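Keep in mind the model is a prediction, meaning the values are calculated, not measured.
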Amino acid sequence: MAENGESIRTLKGIGEKTGKLFEKLGVFTVADLLTYYPRAYQTYEAPVSAGQLVPDTTAAVAGILNRSASVRTFQHTQIVTASLKDATGAVQLTWFNMPFLKNTLQAGTFHVFYGKVVKKNNRLTMEQPEIFTREGYSAVRESMQPVYGQTRGLGNKAITRAVAQALSIRRMEREYLPDAIRKRYELAEYNYALEHIHFPEDKQQLLFARKRLVFDEFFLFVLAVRRLREKRQDRKSPWVMKPAPQVRELAKSLPYELTGDQKAVLGEVERDLGGGLVMNRLVQGDVGSGKTIIAVLSLLTAAFNGYQGALMAPTEVLARQHYESMCRLFDDYGIDKQAVLVTGSMTAKEKRTAYEKIRNHEADVIVGTHALIQEKVVYDKLALVITDEQHRFGVGQRESLGGKGQEPHVMVMSATPIPRTLAIILYGDLDISVIHELPGGRLPIKNCVVGTGYRENAYSFIRKQVKEGRQAYVICPMVEASEMIEAENVLDYAKMLGRKMPDVTVDFLHGKMKGKEKNRIMERFAGGDIQVLVSTTVIEVGVNVPNATVMMIENAERFGLAQLHQLRGRVGRGRYQSYCIMVNCGDQEGTAERLDILNRSNDGFYIASEDLKLRGPGDIFGIRQSGDMEFKLADIFTDANLLKTVSEEVNRLLEEDGELLKEEHRELRRRLSEFLESSYDKLNL
């Protein structure tokens with residue numbers, strides 16, 4: 001029996017090389033592997049005859065080979081081919097660099113082949129199909145096979161084997177949920193749920209296991225939020241601020257008038273800053289609703305009261321953009337305050353200069369990334385911290401800043417249009433302000449949902465936009481090709497586009513790249529050196545590029561609507577007409593209806609509420625919603641009803657036993673303590 005905290009390398013078959021590949025996936029220990037949940041499940045349908053195969057679908061075909069497989073070499077690649085024929089038709093079978101299959105695929109032998117069917121040179125073909133005996137295929141038909149997120153060199157089979165081994169030697173967890181709660185909501189026992197989320201026999205068993213694990217994620221999160229709120233409620237603030245006339249004058253002098261919502265939010269922030277208690281406010285506003293100017297005016301209020309303010313951005317490129325636009329604003333309107341930039345990639349000399357200005361209070365507004373909370377940064381009078389939700393400015397980080405002085409006021413800016421009822425639960429003790437109105441003068445994004453047959457037209461349109469001096473994004477759901485999941489991937493797609501558009505500068509971006517490399521790519525795109533950027537969803541919080549006018553999203557059916565809306569918000573930021581092309585590669589029932597909501601509306605709050613109506617509790621097979629709430633399994637949209645139930649249950653529990661001192665809550669107290677220890681920095685409060 002293995003301790004769950006032991007290294008992944010204690011498992012059989014996982015040495016240094018494989019261990020490093022697992023680490024790329026964020027899996028370091030046996031416990032990490034046990035909670036590395038499948039991202040989808042493979043189900044094997046009954047085999048069909050060759051004549052029943054349909055192009056662009058995944059299927060199983062069974063039969064006897066009428067002749068043995070052949071092997072040929074083409075451009076250093078060994079290609080194995082075989083043909084399966086029956087009374088209804090034929091299908092060609094192809095494998096690459098697997099010459100040993102020639103011994104298996106002999107004339108007269110019976111096999112079941114499972115894979116994607118495509119039409120090539122007017123005949124049906126399966127490339128790299130899985131091969132089963134009759135008995136082997138019957139065995140997999142009895143269960144759902146897990147599909148995990150993979151990385152090059154570490155395929156699904158290797159991960160599945162490792163998970164199965166970890167489950168067989170793990171130390172069983174003690175049940176911590178009170179019996180009354182488990183009975184009330186018909187929740188599986190924890191160890192049962194953990195095993196069956198990986199290897200369910202059917203969808204019903206999967207949903208039963210998932211419900212328990214999602215309940216756990218929400219329960220511990222909401223319980224932690226409530227306990228922390230009680231400790232921090234009604235804290236007095238030493239940073240009491242008066243409204244600054246210079247800020248009100250600047251707001252009136254801007255080349256555009258603030259919307260009614262922006263004015264209302266500024267009023268709420270002013271009251272918080274002058275009220276004598278520590279401000280903890282969430283400002284929710286759709287993409288492009290003008291949250292940044294609220295942030296700048298709030299930071300200036302702190303500066304004109306003699307204090308310092310800090311703005312934390314999720315990426316270095318965005319931090320630099322905020323800093324440069326702030327400096328221009330101060331120059332244009334004669335504002336006698338100094339902004340300073342602090343990022344990880346600055347030289348040691350640049351950092352020393354910035355630190356000195358911050359310590360001496362030459363800097364009134366400090367803009368940066370995580371670097372703002374490093375030990376070497378010493379503030380003089382840090383009174384206000386504004387952060388983007390994607391930055392996950394957690395309790396531990398806030399206390400780190402508070403430790404540099406007295407606890408600052410905090411504003412969290414969020415572009416995720418979470419319905420208010422859910423936001424109140426998730427953001428705990430934050431007061432919530434909402435900006436619904438969009439500033440005038442912005443051209444609405446033109447949307448279209450298309451099938452795969454429209455791709456060539458889309459490429460022509462992108463090329464035309466580039467010729468006019470514009471730029472484009474293409475989003476793929478995966479970084480690299482997977483043996484199990486049929487979806488476009490960034491690496492292959494970027495190569496393909498480069499071949500199709502030799503006169504266009506195409507590059508790629510994904511979350512597995514090193515920070516410096518990501519920054520370099522985003523800076524080149526922001527500077528116009530890259531014309532088409534093929535990326536994963538990592539660009540959701542990337543950079544502001546007003547010149548980008550096309551957002552093409554491949555496999556749009558695999559994303560939640562809220563995430564598609566966030567991605568779409570990367571364009572439409574300048575004076576040019578912008579377009580969003582969503583490619584629907586699926587044929588699932590209801591997909592067209594969901595995507596049509598985006599076609600009809602650019603309002604994120606409307607889209608989120610419609611998404612909530614359409615996505616049922618069984619809708620768990622697509623890519624999850626994004627957002628700073630990093631639940632491994634739970635989705636605040638799909639699981640909204642369960643989240644509300646959990647919130648009510650936590651309230652009931654704390655009313656009965658606020659400190660969890662009862663004997664029946666001893667295990668819960670232990671588990672909550674472990675959760676707080678591991679997640680303290682991530683709790684976005």
Open item on the list: Applying side-chain contact (heavy atoms from CB on, under 4.5 Å) to S433 and R281, what does each step give before you reach the verdict?
Closed with: CA-CA 7 Å; S433 298; R281 183 165 290 279; 2.7 Å; yes
TODO: Return the minimal non-hydrogen interatomic distance between V571 and I445, and the atom names on each side.
DONE: O-CD1, 3.6 Å
Open item on the list: Between K263 and E257, is the side-chain contact (heavy atoms from CB on, under 4.5 Å) condition met? List the steps.
Closed with: CA-CA 10 Å; K263 289 174 185 173; E257 187 178 355; 2.8 Å; yes
- [ ] May I ask you to decide if the ring planes of Y36 and Y148 are parallel, tilted or perpendicular, using 30° and 60° as cut-offs?
- [x] parallel
Task: Partner set under salt bridge (charged side-chain N to carboxylate O under 4.0 Å, His left out) for R455, not counting sequence neighbours - done: E488, E554
Open item on the list: Do V466 and V550 have side chains that approach each other closer than 4.5 Å (heavy atoms only, starting at C-beta)?
Closed with: no
Task: Minimum side-chain heavy-atom gap K500-I462 below 4.5 Å - done: no
Open item on the list: Closer than 3.5 angstrom, by distance alone: can the side chain of N156 be matched with the main-chain N or O of P146 as a donor-acceptor pair?
Closed with: yes
Task: Approximate separation, where rounding is to 0.5 Å, of R320 CZ and E316 CD - done: 7.0 Å
- [ ] Looking only at non-hydrogen atoms, find the nearest pair between C585 and T452 and report the distance.
- [x] SG-CG2, 3.8 Å
- [ ] Keeping the roles fixed (side chain from E217, backbone from A634), state whether a donor-acceptor pair exists under 3.5 Å.
- [x] yes
- [ ] Check whether any side-chain heavy atom of L329 sits under 4.5 Å from a side-chain heavy atom of L250, and report yes or no.
- [x] yes
- [ ] Using atom types as modelled and distance alone, determine if a side-chain donor or acceptor of S601 lies under 3.5 Å from a backbone N or O of L598.
- [x] no
Open item on the list: Between the side chains of R210 and D639, is the shortest nitrogen-to-carboxylate-oxygen separation below 4.0 Å, so that they form an ion pair?
Closed with: yes
TODO: Determine whether the aromatic ring centres of Y493 and F508 lie less than 6.0 Å apart.
DONE: no
TODO: Might you work through the side-chain contact (heavy atoms from CB on, under 4.5 Å) test for L491 and H510, ending with a clear yes or no?
DONE: CA-CA 9 Å; L491 301 180; H510 57 77; 4.1 Å; yes
Task: Side-chain heavy-atom pair I293, L297 within 4.5 angstrom cut-off - done: yes
Task: I432 backbone acceptor or donor facing Q284 side chain under 3.5 Å - done: no
Task: Short side-chain to backbone donor-acceptor contact, Q262 and G290, under 3.5 Å - done: yes
Open item on the list: Checking F330 against L300 for the side-chain contact (heavy atoms from CB on, under 4.5 Å) test, could you report, in this order, the C-alpha distance in whole Å, the side-chain angles of both residues, the deciding distance, and whether it holds?
Closed with: CA-CA 10 Å; F330 292 2; L300 282 174; 3.7 Å; yes
Open item on the list: Measuring from atom OG1 of T536 to atom CG of L567, what distance do you get when rounded to the nearest 0.5 angstrom?
Closed with: 9.5 Å
Open item on the list: Taking the side chain as everything from C-beta on, heavy atoms only, tell me whether L266 gets closer than 4.5 Å to S298.
Closed with: yes
Open item on the list: Would you say that V504 contacts L497 through its side chain, given a criterion of any heavy-atom pair below 4.5 Å between the two side chains?
Closed with: no
TODO: Indicate yes or no: does K464 engage E468 in a salt bridge with an N to O separation below 4.0 Å.
DONE: yes
- [ ] Could you check if a side-chain atom of M326 sits within less than 4.5 angstrom of a side-chain atom of L311, using non-hydrogen atoms only?
- [x] yes
- [ ] Side-chain contact test, heavy atoms from C-beta onward, threshold under 4.5 Å: evaluate it for L154 versus F22 and give yes or no.
- [x] yes
Task: Least distance between heavy atoms, A295 atom then I386 atom - done: O-CD1, 3.5 Å
Task: Those residues that, when tested against N457, pass side chain to side chain contact (heavy atoms under 4.5 Å, CB included) (two or more places apart) - done: Y454
Open item on the list: Just by distance, no angles: are the side chains of K120 and T125 close enough, under 3.5 Å, to form a donor-acceptor pair?
Closed with: no
Task: CZ-CE distance between R570 and M551, expressed to the nearest 0.5 angstrom - done: 8.0 Å
- [ ] Taking N547 for its side chain and G469 for its backbone only, find out whether a donor-acceptor pair lies under 3.5 Å.
- [x] yes
- [ ] Supply the atom-to-atom distance L341 CG to H322 NE2, rounded to the nearest 0.5 angstrom.
- [x] 11.0 Å
Open item on the list: So, taking the atom named CE in M411 and the one named CD1 in I294, what distance separates them when rounded to the nearest 0.5 Å?
Closed with: 7.5 Å
- [ ] Examine distances only and state if a side-chain atom of E557 and a backbone atom of N584 form a donor-acceptor pair shorter than 3.5 Å.
- [x] no
Task: Backbone N/O of P444 and side chain of Q577: donor-acceptor pair under 3.5 Å - done: yes
Open item on the list: Please report the interatomic distance CG(D32) to CG(L25), rounded to the nearest 0.5 Å.
Closed with: 11.0 Å
Task: Whether Q321 side chain and N544 backbone form a donor-acceptor pair below 3.5 Å - done: yes
Open item on the list: Is it the case that the side chains of Y606 and R600 hold a donor-acceptor pair, with the cut-off being a distance below 3.5 Å and no angle test?
Closed with: yes
Task: Pairs satisfying salt bridge (Lys or Arg N to Asp or Glu O under 4.0 Å), at least one member in residues 527-537, at least two apart - done: none
Open item on the list: With a sphere of 6.0 Å drawn around NZ of K512, does it hold more than 12 non-hydrogen atoms of other residues, nucleotides or ligands?
Closed with: yes
TODO: Output yes when a side-chain donor or acceptor of K291 lies under 3.5 Å from a complementary backbone atom of G285, and no otherwise.
DONE: yes
Task: Residues R520 and E517 bridged, charged N to O under 4.0 Å - done: yes
- [ ] Taking all heavy atoms of Y576 and all of L443, pick out the closest pair and write down the distance.
- [x] C-CD1, 4.0 Å
TODO: Search all heavy atoms of V545 against all heavy atoms of A526 and return the closest pair with its distance.
DONE: CG2-CA, 4.0 Å
Task: Nearest heavy atoms of L282 and S414, plus distance in Å - done: CD1-CB, 3.6 Å
